[in-house]
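What follows is a short report on a single structure.
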There are 2 protein chains.
Amino acid sequence: MEKLTIRDIANMAHVSTATVSNYLNGNYDRMSLTTRRRLTEIISNTNYHPNSIARNLAKNENKTIGVSIADITNPFTSQVLSGIYEQCDNYNYRVLFTNANNSEQKEMDNITRLQNEGVAGIIVDPVNPDSPIYQSLSNDNTVMVDRQSTELIIDTVATDNVNSVQKLINQMQAKDYNNIYFVTWPFQNISTRNQRYQGFIKATKYSTLNHLVTVPHHGKSVEYQQFKQNLATIMTQKGDDKIGFFCMNARVFLRLVQAMQQLHFSYPQDYGVATYEEFDWMKVMTPPISCIRQDSFSIGTIAMDILQQKIAKKNSTQPQLKLIPTQQILRQSF
Amino acid sequence: MEKLTIRDIANMAHVSTATVSNYLNGNYDRMSLTTRRRLTEIISNTNYHPNSIARNLAKNENKTIGVSIADITNPFTSQVLSGIYEQCDNYNYRVLFTNANNSEQKEMDNITRLQNEGVAGIIVDPVNPDSPIYQSLSNDNTVMVDRQSTELIIDTVATDNVNSVQKLINQMQAKDYNNIYFVTWPFQNISTRNQRYQGFIKATKYSTLNHLVTVPHHGKSVEYQQFKQNLATIMTQKGDDKIGFFCMNARVFLRLVQAMQQLHFSYPQDYGVATYEEFDWMKVMTPPISCIRQDSFSIGTIAMDILQQKIAKKNSTQPQLKLIPTQQILRQSF
DNA sequence: CTGTTAGCGCATTCAT
DNA sequence: ATGAATGCGCTAACAG
């Protein structure tokens, strides 16, 4: 079972390679009906498939877009990828996949590699959107998703962090929570976290950092004990205030609830709680959790839409920021 | 900023393209130190990158493996993909990504497309492993992951469903649960579900289907009411038996707990429970959940290992089934 | 050490 | 309606 080439088919059909090529590209008006039929038959019998590498080289175009993902393991990210793929499929692009596993170095390598492949465009879900490595990217053929950099140099599509947090906090306020805390991982200059905090501030108008609770990444550390201590203090000093917590993401939320349990506090009696991100299990907790659902699939499709347009008409414009609205899921956790 | 070719570099360095090519491929012994230095400088200044399409064509090899994923949105699957990518990276293969979104038709299209691309190998996470479409695949250059077909025609790497379930059930039995139910989605001939059930049977030795609880996919259906009714009956008729439930996966588990809550039963007082799959939230539930952790990352890497070996030495052997062991996470849910 | 040349598999004028 | 010839960017003998 040797690899068949266009020449083999041409020989079998007693025509030239040009005719076969025309057939393959659907230029049926350039041949007689008889040869057309012969070709269809031979090709199907022989199970011949044109070599797309050679085809790409000849046409000097590469209908593939490269994707650099910070961490494919993140469920949010895989939904984005799902959207990207769907749209690539629609536009007839293949997707070259790449995963940085949260390493900036790896991401750098991946992007360079993608560029060498001569892909038509690149979509990057950045490890650290403020890393200087993105400076080398051209806005003509790349789009960033999910996290946005502080200074926008590449078209970016992300969720509307500020607004969605602000509005959810407003809901808590409407239920008389007048003492609300923002629960987060250490900031580390990650834009996502900052923006969510901004939304929090816009709603609460707090002017100090007193309403910020930091959760360490690891559960068994000294910092974790401190974190629990913080919570204890907050809860004992609250007086008659209805006290609320807004969590920056689901993992932080889990840590909070866990710590609160250990302190023998439970929601919504002792405190109200809500979180960014939505997962299946939130509606099964007792009581179910109010949260913010991001439309991550759309982030993927829209990113590809933008990319495709840029590739088509190559007049470069100013980098744009496209914010995707979220959805409020109100349940009984506050 | 035009695309540079190897010829451009050759001209700038006043050498032939062959020399540049040699340089690019590390054959430094074939040129003088001076030209070598000139080349390094020119290439770095000019930011030239060889066109890998052309290179592939010339070498007549295609260092890419195609991946067909049933549903990238599944967190388990994205870990597998993560493993696949990591190993592809090590072996210097690029990965062409493809997502079927749970549609057999789409999967079929994707695989065909991958084959047309002339990829060196294919890894498929099948929508339905018993679909006839896999008959057209050659075991010489493809590996299946996650789900296994009833008759093995392609090398497959999957988690050890039977053993891991059996052993976890044994743990429940050791705690005097002598009335255990297997909770699952409708079978639909999905091998994964069947195997987990087999493990259940091996441990419990039940000879009838009386210990099978089926959960409908959708929550608001007539079937769902029936499911709840089933649970109610089981719980009221249990007498003094310690009653346990083993859930086939996390979603089923959530449904079960939810329904039990509505019926005002809670674990571990009224019933014991454990589940396949592990998620973050399981250790935060009250009390935390005992479960089975799959090593999905390894499934990915090992699949690529096998594929790489097959590609290297192309002597075809009998299709093999590689079972990846799991890990028991014992907590307080039973 | 370096250059010439002939492909890799296909697309695309330009003839006929 | 069909074919011959040329080139896409690079590699790999083979010469020199």
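Naming convention: chains lettered A, B, ... in sequence-line order (proteins, then strands); numbering from 1 in each chain. Note that these values count all heavy atoms, side chains included, but never hydrogens, waters or copies made by symmetry.
OP1 and OP2 of C:dG9 both lie 4.0 Å or more from every side-chain N or O belonging to A:Arg55. Contact between the side-chain N/O atoms of B:Thr5 and the OP1/OP2 oxygens of D:dG9 is not found at any separation under 4.0 Å. Taking side-chain N and O atoms only, A:Ser16 has a distance below 4.0 Å to OP1 or OP2 of D:dG3. For B:Ser21, a side-chain nitrogen or oxygen approaches OP1 or OP2 of D:dT11 to under 4.0 Å. Listed pair B:Asn51 / D:dC8 fails the phosphate criterion, with no side-chain N or O lying under 4.0 Å from OP1 or OP2. Here A:Thr19 reaches the OP1 or OP2 of D:dG3: one of its side-chain N or O atoms lies under 4.0 Å away. Side-chain nitrogen and oxygen atoms of B:Arg30 include none within less than 4.0 Å of the OP1 or OP2 phosphate oxygen of C:dC1. Residue B:Tyr48 places at least one side-chain N or O under 4.0 Å from the OP1 or OP2 atom of D:dC10. When the side-chain nitrogen and oxygen atoms of A:Thr35 are compared with OP1 and OP2 of D:dT2, one or more of them lie within a distance under 4.0 Å. Side-chain nitrogen and oxygen atoms of B:Asn60 include at least one within less than 4.0 Å of the OP1 or OP2 phosphate oxygen of C:dG9.
The distance between atom CD1 of B:Ile6 and atom C1' of D:dG9, rounded to the nearest whole Å, is 8 Å. Atom CG in A:Asn62 sits roughly 13 Å away from atom C1' in D:dC8 (whole-Å rounding). Here the P atom of nucleotide C:dT13 and the NZ atom of A:Lys59 are 11 Å apart, to the nearest Å. Counting to the nearest Å, the P atom of C:dA11 and the CG atom of A:Leu57 are 11 Å from each other. At whole-Å resolution of the value, CG in A:Asp8 and C1' in C:dG9 are 11 Å apart. Between B:Asn11 atom CG and C:dG3 atom P the separation is 11 Å, expressed in whole Å. Atom OH of A:Tyr23 and atom P of C:dT12 are 17 Å apart (whole Å). As a whole-Å value, the separation of A:Tyr28 OH from D:dT2 P is 15 Å.
Position along DNA chain C of the nearest nucleotide to B:Leu33 versus A:Asn22 favours B:Leu33 as the more 5'-ward residue.
At a threshold of 4.0 Å, the pair B:Asp89-A:Lys106 counts as salt-bridged, since one of the basic side-chain nitrogens sits closer than that to a carboxylate oxygen. The residues B:Lys322 and B:Asp155 are annotated as not salt-bridged, no charged nitrogen and carboxylate oxygen being separated by less than 4.0 angstrom.
Minimum atom distance to the side chain of B:Thr17 is reached by C:dT5, of the listed C:dT2, D:dA1, C:dT5. Listed nucleotides D:dT11, C:dT2, D:dC8 differ in distance to B:Ala58; the shortest reach to its side chain belongs to D:dT11. Distances from the side chain of A:Ala18 to the nucleotides C:dT2, D:dT11, D:dG3 place D:dG3 closest.
A side-chain contact (heavy atoms from CB on, under 4.5 Å) with B:Pro50 is found for one member of B:Leu24, B:Leu4, B:Ile43 and no other, namely B:Leu24.
No donor-acceptor pair closer than 3.5 Å links the side chain of B:Asn27 to the backbone N or O of B:Arg30.
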(message) Is there a side chain to side chain donor-acceptor pair (under 3.5 Å) between B:Tyr93 and B:Asn62? Walk through the geometry before answering.
(response) CA-CA 9 Å; B:Tyr93 280 85; B:Asn62 191 349; over 6 Å; no

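Below 30°, between 30° and 60°, or above 60°: for A:Tyr85 and B:Phe97 the angle between ring planes is above 60°, a perpendicular geometry.
Looking at heavy-atom distances under 4.0 Å, B:Asp29 makes contact with sugar-phosphate atoms alone, never a base.
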